[in-house]
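Working notes, structure below.
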Number of protein chains: 2
Amino acid sequence: MREPHRDASPSSKPAPKAVVGRLSLYLRQLETFARQGRETVSSSQLGQALGLNDAQVRKDLAYFGQFGQPGLGYPIEDLTVAIRRILGVDRDWPTALIGLGNLGQALLGYKGFRLRRFRIVALFDNDPRKLGKSFDGLTIRHTDELPEAVSSQGLRLAMLCVPAEAAQRVADHVVSSGIRGILNFAPTSLFVPPDVSIVAVDLSVQLEQLAYSVHNLLGDSSPADDISAAG
Amino acid sequence: MREPHRDASPSSKPAPKAVVGRLSLYLRQLETFARQGRETVSSSQLGQALGLNDAQVRKDLAYFGQFGQPGLGYPIEDLTVAIRRILGVDRDWPTALIGLGNLGQALLGYKGFRLRRFRIVALFDNDPRKLGKSFDGLTIRHTDELPEAVSSQGLRLAMLCVPAEAAQRVADHVVSSGIRGILNFAPTSLFVPPDVSIVAVDLSVQLEQLAYSVHNLLGDSSPADDISAAG
DNA sequence: TAGATTGTTAATCGATTAACAATC
DNA sequence: TAGATTGTTAATCGATTAACAATC
């Protein structure tokens, strides 16, 4: 048996957003290592698997506590449990899906979310042709019914897949219904109060970044021959 | 008539990745302004619409040339054209979609890509049950046929929607087939040669970031009452 | 013990913001 | 002209990497 780690938040500094993003990557990689039957991992091994510097791995983890043992590395099982708790993915997240166009319907079927305990338990759309239809055992309701659903179903997050023109209006309604986190798939910037979190998934922006680098960086000159990693 | 801007790349410094990402946001906002009939915009107006600092807007644009006029701001039409050219979205990008599970099928139907001239013109999947099936007038082929398709169809980008376990293997094949840009939807880190660009779209990581901030940042303490923006 | 590896401080690097002369 | 706004330099802020004593 190992000693429990000392403290889940030893320093008072809040973790930067970039650190939290990497925490998700660490979790996923640790799960992969665990499936391979490994029991410990060093910061350099974990970093290598993700294309990150070993010092960065140690520093990131140190934001949240002391999880490793000098000379031995990090216990995979314990660290996995700790990161799940830090991220808040050690419980279910009842989630509303708003907007059932192409993308919305796909997200509904996407297994990656279920795996991570994000449960889509309510569907909303204001298109009269869609109201009342069912997907996956869930009936599409009008967003007027959001506040009721938030309290009766304990909704905490919403995935927003509505057209750009409607996004801010719907977001305002989502927020006033009591939801505190929005994953925004609409291609537009949203403004929300500071006690609401928002994460933008901007597919066109990401494709444009790809186009830029293929177009500008690689067409003519080519850099050194190392290897680059990306999630 | 206005003077043309002086140079599309006046400084020798390469643009940081973050700047390129914001360039996409500027482009989208400029298109919105243009639809509203506006002809010029100042850095502070553009920044405000996106939740960015005005100095940052000016500095970002200055990486690529002199587009504005002191006292007047930026001409929307000209700047739009310039940014499209810089990003490389002033032309079609023939794109392969690899992996036609839930997510892949949804991306095929997603109109946002077409709007931006990313054309999905070839489908690949190695599941025997899917081979030969058609979507949207395109027949699903085995990835063995990728090299041929790259040369005959001029494919330049690939969207990778295969399971995590297969992703690296398929990516290697995609790269050896001559594709130079990958949009990776598989929840795993990929390693590619330095002359290949890769952008990760990691939905679970993004949802976990959302869970973290809802869980940790907002539950207890709440910060000041300004407003935050996100794409 | 000797070798490995952590947690953390210091050094480096890069990105954002403020300030302002130049210019429309 | 006076007011507005750019492009750019300097100041600030934050994030990454290197280095190393402490520790298993």
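So you know, we letter chains A, B, ... as the sequences are listed, proteins then strands, and number each from 1.
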Please work out if B/Ser44 contacts a base, only the sugar-phosphate, or nothing of the nucleic acid, heavy-atom cut-off 4.0 Å.
nothing
N/O (side chain, B/Tyr74) to phosphate O (OP1/OP2, D/dG7) under 4.0 Å:
yes
Counting side-chain heavy atoms from CB outward, which of D/dT16, D/dT6, D/dA19 is closest to B/Arg58?
D/dT6
Taking the side chain of B/Ala18 as its heavy atoms from C-beta onward, which of D/dA18, C/dT16, C/dT17 lies nearest to it?
C/dT16
Which residue in the set A/Val89, A/Leu61, A/Asp78, A/Asp90 passes side chain to side chain contact (heavy atoms under 4.5 Å, CB included) when paired with A/Ile83?
A/Leu61
I would like to know whether A/Leu27 and A/Thr80 meet side chain to side chain contact (heavy atoms under 4.5 Å, CB included); could you show each step before the answer?
CA-CA 6 Å; A/Leu27 175 56; A/Thr80 301; 3.7 Å; yes
Starting at CG of B/Asp60 and ending at P of C/dG14, how long is that distance when rounded to a whole Å?
17 Å
Candidate nucleotides C/dA22, D/dA18, C/dT6, ranked by approach to the side chain of B/Pro70 - the nearest:
C/dA22
Would you kindly give the CD-to-C1' distance between A/Gln69 and C/dG3, to the nearest whole Å?
16 Å
Whole-Å distance between D/dA4 P and B/Leu72 CG?
13 Å
Compare the minimum distances between each of C/dT17, D/dT16, C/dT6 and the side chain of A/Lys59, then state the nucleotide with the smallest one.
D/dT16
Any idea which of C/dT17, D/dG7, D/dT5 is nearest the B/Gln66 side chain?
D/dG7
Dot-bracket summary - DNA chain C, pairs being Watson-Crick or G-U whose distances fall under 3.5 Å, with | when paired to another strand:
..||||||||||||||||||||||
Do any side-chain nitrogens or oxygens of A/Arg22 fall under 4.0 Å of OP1 or OP2 in D/dT16?
yes
Rounded to whole Å, the CD-C1' distance (B/Gln45 to D/dT6) equals 13 Å
Atom CG of A/Asp54 to atom P of D/dT17: distance rounded to whole Å?
10 Å
Rounded to whole Å, how long is the line connecting atom CG of A/Leu79 with atom C1' of C/dT6?
13 Å
side-chain hydrogen bond (donor to acceptor under 3.5 Å, both in side chains) partners of residues 15-25 of chain B, not counting sequence neighbours, each pair once:
A/Glu208-B/Ser24, B/Arg22-B/Asp60
Want to settle it: does A/Gly73 or B/Asn53 sit nearer the 5' end of DNA chain C, counting the closest nucleotide to each?
A/Gly73
How many Å lie between CD on B/Gln56 and P on C/dT17, as a whole number?
5 Å
Do we see a donor-acceptor contact under 3.5 Å between the side chains of A/Asp202 and A/Gln206?
no
Would you tell me if any nitrogen or oxygen in the side chain of A/Ser43 comes within less than 4.0 Å of OP1 or OP2 on C/dT5?
no
Would the distance check show the side chain of B/Thr95 and the main-chain N or O of B/Trp93 forming a donor-acceptor pair, the cut-off being under 3.5 Å?
yes
Going by the side chain to side chain contact (heavy atoms under 4.5 Å, CB included) test, name the single residue among A/Val41, A/Leu50, A/Leu87 that passes it with A/Tyr26.
A/Leu50
Between the main-chain N or O of B/Ala55 and the side-chain N or O of B/Asn53, is there a donor-acceptor pair closer than 3.5 Å?
yes
Measure from OH on B/Tyr63 to P on D/dT8 and round the result to the nearest Å.
12 Å
Of A/Ser43, A/Ser44, A/Ser42, which meets side-chain hydrogen bond (donor to acceptor under 3.5 Å, both in side chains) against A/Arg58?
A/Ser43
